[in-house]
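See below for the structure under consideration.
Each chain gets a letter, A, B and so on, in the order its sequence line appears, and its residues count up from 1.
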Number of protein chains: 2
Amino acid sequence: MFNKQELIDFCETARSSYLDHISIDCVVFGFHEGQLKVLGLKIKNEASWYLPGGFVMKDEPIEMAANRILKERTGLDEIFLQQFRVFGDPERARPHHDLYKDMLPPEENWFSMRFLTIGFYALVDFVHVNPTPDGHSESCTWYDLTDLPDFKLDHAQIIKSALDTLRLQLNYQPIGYNLMPKEFTMPELQKLYETILDKKLDRRNFQRRMLGFGILNRSEQPRKGGAHKAPYLYSFDLEHYQNALKEGLKGGW
Amino acid sequence: MFNKQELIDFCETARSSYLDHISIDCVVFGFHEGQLKVLGLKIKNEASWYLPGGFVMKDEPIEMAANRILKERTGLDEIFLQQFRVFGDPERARPHHDLYKDMLPPEENWFSMRFLTIGFYALVDFVHVNPTPDGHSESCTWYDLTDLPDFKLDHAQIIKSALDTLRLQLNYQPIGYNLMPKEFTMPELQKLYETILDKKLDRRNFQRRMLGFGILNRSEQPRKGGAHKAPYLYSFDLEHYQNALKEGLKGGW
DNA sequence: AGAGCTTGGTGTATTTTGAACACAATAGTA
DNA sequence: TACTATTGTGTTCAAAATACACCAAGCTCT
C-alpha cells in the first residue's frame with residue numbers, strides 16, 4: 001500500500017504515461033516438482049496477494065505492455081503470452097478504491113477511476129524465472145495452484161479463468177515447450193499434462209499419442225544416475241512444434 | 001462522417017458518459033439461405049463499412065454494453081454474445097484520426113485518443129433481426145462472409161478473428177440454437193455446420209452424431225409442402241443444450 | 001398411374017482410434 | 001543374484017469415425 005506522497009507521485013507518472021481505465025494482469029504458470037504454480041506478489045505488511053500486473057503506456061501495443069510487465073517480474077523476455085479475457089465489472093476494484101479514498105480525493109487519485117483489466121496468461125520454464133518483487137511488494141514467489149493464498153480483487157477469478165483456458169488449449173495445441181526444460185523424460189511431460197488436467201493418464205497411451213504428434217526428438221543418451229531404469233531424454237522439435245501450434249492437433253483428452 | 005457541430009456535440013456526450021480509450025465492436029453472425037452472414041454498417045456517402053460498435057458507459061459492465069449496442073442495431077435482447085479478443089494496436093484507428101484532425105484539435109476531439117476495442121461475437125437468428133442503422137450510417141445490412149465489402153480500420157481482421165474463434169467453439173460446444181430458427185430440418189442444420197467449417201460433411205454420419213449429443217427433439221410432424229420427401233423437423237432441447245454448453249462436447253470435426 | 005428424379009432416413013461393413021492391460025528391459029539395492 | 005521400482009513396447013478389445021448401400025417419400029413428366 002502506498003503512503004500519501006507515494007500515491008501522489010505515482011499518480012503524476014501514471015497520468016502522463018499510461019492509458020486511463022486499462023490495466024493488465026498476468027497469470028504466470030510454471031511447473032516444478034510435479035506441481036503447477038502461479039506467480040503471486042505479496043503486499044508489504046499485509047496478508048494480500050495480487051497477480052503481477054501493470055498498465056499500458058500511451059503508445060504501446062498491449063502485447064508489448066504485457067511483455068514488459070512480465071520481464072520486470074520474471075527477468076524473461078519473449079515468453080509465451082496470450083490474452084484470454086477482459087474483466088470489466090464496474091465494481092471489481094471497489095476494495096482498492098475504498099482503501100485510498102481518505103488519502104486523496106478521487107479527482108486527484110488516478111487509481112480511483114474504473115479499470116478494465118486485460119487478462120494474459122504466460123507459460124514459462126520454472127527454473128529460468130527470477131521472481132522480482134516491485135516497489136510495494138515484499139515478495140514475488142510461486143504458489144501451488146492447489147494451495148493459493150488470499151488473492152484480492154477478482155484475481156482469484158482471473159486465475160481460475162486462465163486455468164480453464166489453458167485446459168481448453170491443451171485440446172488443440174501442444175503446450176509443453178514453454179513449461180518444460182530443454183530436455184525432459186516422457187514421464188515428466190506426462191506429469192505436466194496430468195497436473196494441468198487434474199487427472200491420471202495412462203502411461204503407455206500417453207507416450208504413443210505424444211510421439212504420434214511428431215513434435216518430439218529423442219536423444220541418443222538416456223538420463224543416467226537416477227535409480228531404476230534410465231529413461232530416454234526428449235526435446236521438442238521446434239519446427240514441427242510451431243507448425244502444430246498453427247495447424248492444431250486432433251482430438252482432445 | 002460527422003460535420004463539425006455534430007462532432008463537438010458528440011464529444012461532449014461521450015466525455016460525460018463513456019469510458020475513455022475503450023470501445024466495443026461486435027461481429028454479428030447470422031445464417032440464411034445456406035450462407036453465413038455478418039452485420040455491417042455502411043457510412044453515408046462513403047464506400048466505407050464498419051462493424052456495429054460503441055462505447056462503454058462509465059458505470060456499465062462490458063457485457064451489458066455489448067448487449068445494449070447490439071439491441072440498438074438488431075432489436076434483439078438476451079442474445080448469445082461472447083468477447084473473444086482485445087485489439088490494441090496503437091495505430092489501429094489512425095485513418096479515423098486523420099479524418100478529423102483538421103476539423104477539431106486533438107485535445108478537443110474525444111475520438112482522437114487511442115482506443116482499444118473489445119471484440120465480441122454474437123450468434124443470432126437471421127429472421128428475427130431487424131437491422132437498424134445508426135445516425136451516421138446509411139444502412140445496416142447483412143453481408144456474405146464470402147463476399148465482404150471494404151471494412152475499414154482493423155474490422156476485417158476482427159471479423160476473421162471472430163470466425164476463427166467460432167470454428168474452434170464448434171469443437172467443444174453446440175452452437176445451432178442461436179443461429180437456427182426454432183424448428184429446422186437436419187439437412188438445414190448440417191448446412192450451417194458445413195458453412196462455418198467451410199467443408200462438406202457426410203450426411204448420415206452428421207445425423208447420427210448430432211442425435212448422439214442428445215440435444216435435439218424430433219417433432220411428430222414432418223415438414224409438408226416442399227418438393228421431395230418430407231423431412232422431420234427438429235428443435236433444440238434447451239435443458240440438455242444448456243448442459244452441453246457447460247459440460248462441453250467430445251471430440252472435434 | 002407409374003417411371004424417374006431428387007431428397008431424406010436408416011442400416012451395415014470397414015477402418016481408425018482410444019482404453020486397458022501384459023510383458024520385457026534396465027538400473028539400483030539388499 | 002534375486003528383488004524392486006521404473007521405463008519402453010506390444011497386443012487385445014471396444015468404441016468411434018468413415019464410407020457406402022439401400023429404402024422411403026414426394027414431386028414431375030409422360
Sorted by position of nearest nucleotide on DNA chain D, 5' first, the leading residue of A:Tyr234 and A:Arg208 is A:Tyr234

Which of D:dG8, C:dG9, D:dA21 is nearest the side chain of B:Arg218? It is C:dG9

Tell me whether the OP1 or OP2 atom of D:dT7 has a side-chain N or O from A:Gln207 closer than 4.0 Å. no

Between NZ of A:Lys229 and P of C:dT26 the distance, given in whole Å, is 6 Å

| message | Please determine whether any donor N or O and acceptor N or O are separated by less than 3.5 Å between the side chain of A:Arg204 and the base of C:dA19. | response | no

Establish whether the base of C:dA20 is bridged to the side chain of A:Asn205 by a donor-acceptor pair shorter than 3.5 Å. yes

Among D:dA19, C:dA27, C:dA25, the one nearest any side-chain atom of B:Asp202 is D:dA19

Rounded to the nearest 0.5 angstrom, the NZ-CG distance for B:Lys37 and B:Leu179 is 13.5 Å

Here the distance between atom C1' of D:dA17 and atom NZ of B:Lys199, to the nearest Å, is 12 Å

Next item on the list: Return the orientation label for the A:Tyr143 and A:Trp49 ring planes: parallel under 30°, perpendicular over 60°, tilted otherwise.
Entry: perpendicular

To the nearest angstrom, the CG-C1' distance between B:Leu201 and D:dA17 comes to 12 Å

inquiry  = Any donor-acceptor pair, under 3.5 Å, between the side chain of A:Arg203 and the base of D:dG8, if you only look at N and O atoms?
reply    = yes

note: A:Leu216, atom CG; D:dG8, atom C1'; distance rounded to Å ~ 15 Å

CG of A:Leu192 to CE of A:Met180, rounded to nearest 0.5 Å, is 6.0 Å

CG (B:Leu216) and CG (B:Asp237) are apart, to the nearest 0.5 Å, by 8.5 Å

Subject >> A:Phe151 side chain reached by A:Ile159 side chain, heavy atoms, under 4.5 Å >> reply: yes

To the nearest angstrom, the NZ-C1' distance between B:Lys191 and C:dT7 comes to 15 Å

Quick note, A:Arg209 side chain, CB onward, closest among C:dG9, C:dG18, C:dA20 is C:dG18

Rounded to whole Å, the CE-C1' distance (A:Met210 to D:dT9) equals 18 Å

Rounded to whole Å, the CE-C1' distance (A:Met186 to D:dT7) equals 11 Å

Between NZ of B:Lys200 and C1' of D:dT18 the distance, given in whole Å, is 17 Å

